[in-house]
Amino acid sequence: MTRLSNYLLPTEKQAPADAEATSHKLMVRAGLVRQLGAGLWTWLPGGWKVHRKVEQIIREELDAIGAQEMSMPVMNPAELWQKTGRYGLSEQFTLADRRGAPMVLAMTHEEPVTFHVAQYVRSYRDLPLILYHLQTKERDEPRPRAGVLRTREFVMKDSYSFDRDAEGLERSYQLHVSAYDRIFDRSGLEWYRVESDVGMMGGSGAHEYMAPCPAGENEVALAPGYAANVEVASAQAASVQLPPALEAPQQVHTPGLTTVADVSEALGVSPGALLKAYPVMVSGRGLVLVMLRGDHHVNDIKLANALAAEARPARPDEFEEVIGPAGFIGPFGVDVPILLDDAVAAGGYVTGANEPDRHLRGVQPGRDFAFERADVRRVEAGDTVNGHSIRIEAAIEVGNIFKLGTRYTEPLGATYLDEQGRQQPVVMGSYGIGPARIVAAAVEQYADERGISWPKSIAPFDVHLVSIGKANTPERELAESVYAELRESGLDVIYDDRDGGPGQKFADAELLGCPVRCTVGRRTAESGEVETQTRRGREAGSVPLDGAAKAAADLWRSLP
RNA sequence: CGGGGCGUAGCGCAGCCUGGUUAGCGCGCGUGCUUUGGGAGCACGAGGUCCCCGGUUCGAAUCCGGGCGCCCCGACCA
């Protein structure tokens, strides 16, 4: 029984003043969620229905690959996290129980799940295992934002695979790829599976599932047959016109010109004909000079991966003595290791001269300075992959899959005896999905000026039945009977039985965004027809009053 | 962590600079009548710790100090 006259769906004409993202505005306006505090959101009944529909899709597809659902506590003894070295992370909520024992609120569940696996798994016969749960996560995010998109408390589906070896992990990983592909397809999202950074977790492979939308916090590089997080993307750079080569570097006067734009303009060459020098301090190794084309940018994640170490930009006081004055540094005559970006083609470039107000023309890598090569630049729109131009889109990460290896199983002692009786560490994978982000991404991707337009698989209701006219009228009687029929047909129906004007009811229906709207009013009584409208495309139609529910169900089924 | 902004009724806002009746407007809400196919009309009405604490003052939403909360941009983000 879902009658709008008695259902908590507080719609608003105006979005909260502090809302920026479309999904934030619309989910609040449609009465689906309300904020309790920074990064803390309540899901109201309508919103929670959507969330649960997403959860259900996830359950079905994970169960289908043999994953087993369980549930682990949000509150954990700190000891577990101390063992894995994850106690005291800045995003971790901590507390103490009445005896003063330190506890943590889980931000993910590698520790508890591995604890149990370590207890249970003895033999190779106990593996593989895939375990999952849908559980609240707590993270003290530095900056919660965009409504439900980045919160401090949220439900996550996290699954964990436990295998005997790398090949087993690969199988579990591929099972998740197939399940995830189906989950995001069924959710009705536009999505990409992209290569992602394995970060400092020491994993051996990772992908992220990205849903393009304007409020997204990530960027993905896309081309036919290619999709990668910009953090790790590689592509062929567009070539650049270089001036004729010189016999030797030649000094030019560039007073006060410290930026690529200034120098290229003053010398009449394109920015790509410059080599930009980016001095970094590499942990455990000291100063390194990164050189890349003037029109390119350093990608710090790719740089850290290329160096296999953390790096940070060097301060002037760290490089001026050894290299040259800030704004005029270059690779010529410098006694510092040089890392040259892969996109720098052979030829003569303009670089800093390591003297104030001076640059050099015609500096050739190899001839004029020694270097090591690495791909450390951020890809740019217009770069190519296999001849196809890439584009860069904002996207929200809705899921990830990660080959963890033994990062947690070793410290927590999850081992088994193999066929030869040797003790081996269990090999682990972890796999997350944020249902709330699926919901928000769906809102973002399909909203129009009237409101939300849900994919039919996750809409809060299948059909929004609008009754026009006062209570105790023949048309209201008709609406009541259509409502009863629709419910009997198995559809999930919200019935607007309020005493309100038609404009208000239609506006609310379009704001809420259920795939099919049915209208019953005086016209219905006169014409013997129930009017229908699909939310997506707003296509109007009508079905005979006699058998209206079945016809509406057929219409619903016919939608993509 | 750096930068910016905001806190006044359920939502959106004005008032604050330049202190002074009973703190106001739109939407929403209640009652009554009219209205009922695209956010209705009239009338009456309810609803406020003006974020909190302290200070200045005869008097503070308004000025000063401290605190808290929230948002945006950046940094960060297993």
Side-chain angles (χ1 to χ4, degrees), chain A residues 8 10-21 24-25 28-29 31 34-40 81 84-87 89-92 104 106-111 114 137-147 149-152 156 158 160 196-203 206 208 215 217-218 229 231 300-301 312-313 396-397 400-404 407-408 428-432 434 450-451 466-473 475-476 479 496 498-511 517-527 529-531 533 538 540 542:
Chain A
L8 182 60
T11 57
E12 297 285 350
K13 274 191 188 175
Q14 285 165 310
D18 51 29
E20 288 292 312
H24 182 185
K25 291 178 184 167
V28 172
R29 283 193 54 213
R34 281 291 163 95
Q35 184 170 14
L36 190 64
L40 300 172
W81 293 70
T84 60
R86 291 213 295 175
Y87 182 63
L89 296 181
S90 63
E91 286 186 18
Q92 192 168 58
V104 312
M107 44 207 300
T108 174
H109 280 82
E110 278 84 0
E111 278 81 356
T114 307
K137 302 291 182 267
E138 306 283 352
R139 297 183 187 181
D140 197 359
E141 288 284 348
R143 187 152 110 75
R145 60 178 291 276
L149 227 39
R150 186 170 204 82
T151 56
R152 296 199 292 176
M156 185 184 213
D158 39 327
Y160 304 93
S196 72
D197 184 37
V198 294
M200 290 295 115
M201 300 299 298
E208 289 164 337
E217 304 181 284
N218 297 90
N229 191 319
E231 290 176 349
D300 292 322
I301 292 170
R312 63 166 174 81
I396 182 72
E397 180 185 349
N400 61 22
I401 54 180
F402 198 99
K403 292 181 191 173
L404 270 178
R407 166 68 179 81
Y408 296 96
M428 187 173 173
S430 86
Y431 316 87
R450 290 169 183 267
V466 173
S467 147
I468 292 176
K470 281 187 288 196
N472 306 314
T473 58
E475 53 267 32
R476 178 62 66 87
D496 191 347
R498 296 173 300 176
D499 287 323
Q504 177 198 357
K505 293 186 172 190
F506 291 148
D508 275 353
E510 280 154 358
L511 178 59
R517 186 182 86 196
C518 292
T519 306
V520 174
R522 189 178 290 164
R523 282 190 202 165
T524 311
E526 289 163 359
S527 66
E529 292 192 322
V530 172
E531 284 149 75
Q533 183 184 273
R538 301 184 64 237
S542 63

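In what follows, chains are A, B, ... by sequence order, proteins preceding strands, each numbered from 1.
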Which base sits across from rC6(B) as a Watson-Crick or G-U pair, both distances under 3.5 Å? rG69(B)
Closest approach of T84(A) to R407(A) (non-hydrogen atoms, all atoms of both residues): O-NH2, 3.0 Å
Measure from CZ on R143(A) to P on rC71(B) and round the result to the nearest Å. 9 Å
With sugar-phosphate meaning primed atoms plus P, OP1 and OP2, does R152(A) contact a base, only sugar-phosphate, or nothing at under 4.0 Å between heavy atoms? nothing
Scan A507(A) against the nucleic acid and name what it touches under 4.0 Å (heavy atoms): base, sugar-phosphate only, or nothing. base
Identify whether any heavy atom of R145(A) sits under 4.0 Å from a base atom; if not, whether one sits that close to sugar-phosphate; answer base, sugar-phosphate or nothing. sugar-phosphate
Roughly, in whole Å, what's the span from CG in L36(A) to P in rG10(B)? 16 Å
Between P of rC76(B) and CD of E91(A), the distance in whole Å: 13 Å
Taking CD from Q92(A) and P from rA78(B), how many angstroms apart are they, rounded to a whole number? 14 Å
Contact class for A19(A) (heavy atom, under 4.0 Å): base, sugar-phosphate, or nothing? nothing
Which pair of non-hydrogen atoms, one from R152(A) and one from P144(A), has the smallest distance, and what is that distance? CG-CG, 3.8 Å
So what does E510(A) hit on the nucleic acid, given a heavy-atom distance under 4.0 Å: a base, only sugar-phosphate, or nothing? base
For rU49(B), which nucleotide in any strand shown is its Watson-Crick or wobble partner with both distances under 3.5 Å? none
Closest to the K13(A) side chain: rG39(B), rC11(B), rC76(B)? rG39(B)
Are E529(A) and T524(A) side-chain neighbours, meaning at least one heavy-atom pair lies under 4.5 Å? no
With heavy atoms under 4.0 Å as the rule, sort R29(A) into base, sugar-phosphate or nothing. base
If you check the K470(A) side chain, which of rU36(B), rG38(B), rA78(B) turns out closest? rU36(B)
Base, sugar-phosphate alone, or nothing: which one does G37(A) contact when heavy atoms must sit under 4.0 Å apart? sugar-phosphate
Pick the closest RNA chain B nucleotide for E231(A) and for H24(A) by heavy atoms, then say which residue is nearer the 5' end. H24(A)
Is rG39(B) paired to anything, Watson-Crick or G-U wobble with both distances less than 3.5 Å, and if yes, which nucleotide? none
Mind checking if D508(A) touches a base, just sugar-phosphate, or nothing, with heavy atoms under 4.0 Å? base
Nearest to the Y408(A) side chain among rU36(B), rA78(B), rG38(B), which nucleotide is it? rA78(B)
CD of Q35(A) versus C1' of rG10(B): gap in Å, rounded? 15 Å
Give P10(A) one of three labels, base, sugar-phosphate or nothing, depending on what nucleic acid heavy atoms sit under 4.0 Å from its own. nothing
With a 4.0 Å cut-off on heavy atoms, is E217(A) in touch with a base, just the backbone sugar-phosphate, or nothing at all? nothing
Taking CD from E110(A) and P from rA78(B), how many angstroms apart are they, rounded to a whole number? 11 Å
Answer with base, sugar-phosphate or nothing: what part of the nucleic acid does A509(A) contact at a heavy-atom distance below 4.0 Å? nothing
Using whole Å, what does the distance between atom P of nucleotide rC72(B) and atom NZ of K25(A) come to? 11 Å
Is there side-chain contact between M428(A) and T114(A), with at least one heavy-atom pair below 4.5 Å? yes
Closest-nucleotide 5' rank along RNA chain B - winner of G503(A) and P16(A): P16(A)
How would you label the contact of T84(A) with the nucleic acid (heavy atoms, under 4.0 Å): base, sugar-phosphate, or nothing? nothing
Using a cut-off of 4.0 Å on non-hydrogen atoms, how would the nucleic acid contact of R476(A) be classed: base, sugar-phosphate, or nothing? nothing
What does E111(A) touch in the nucleic acid at a heavy-atom separation under 4.0 angstrom: a base, only the sugar-phosphate, or nothing? nothing
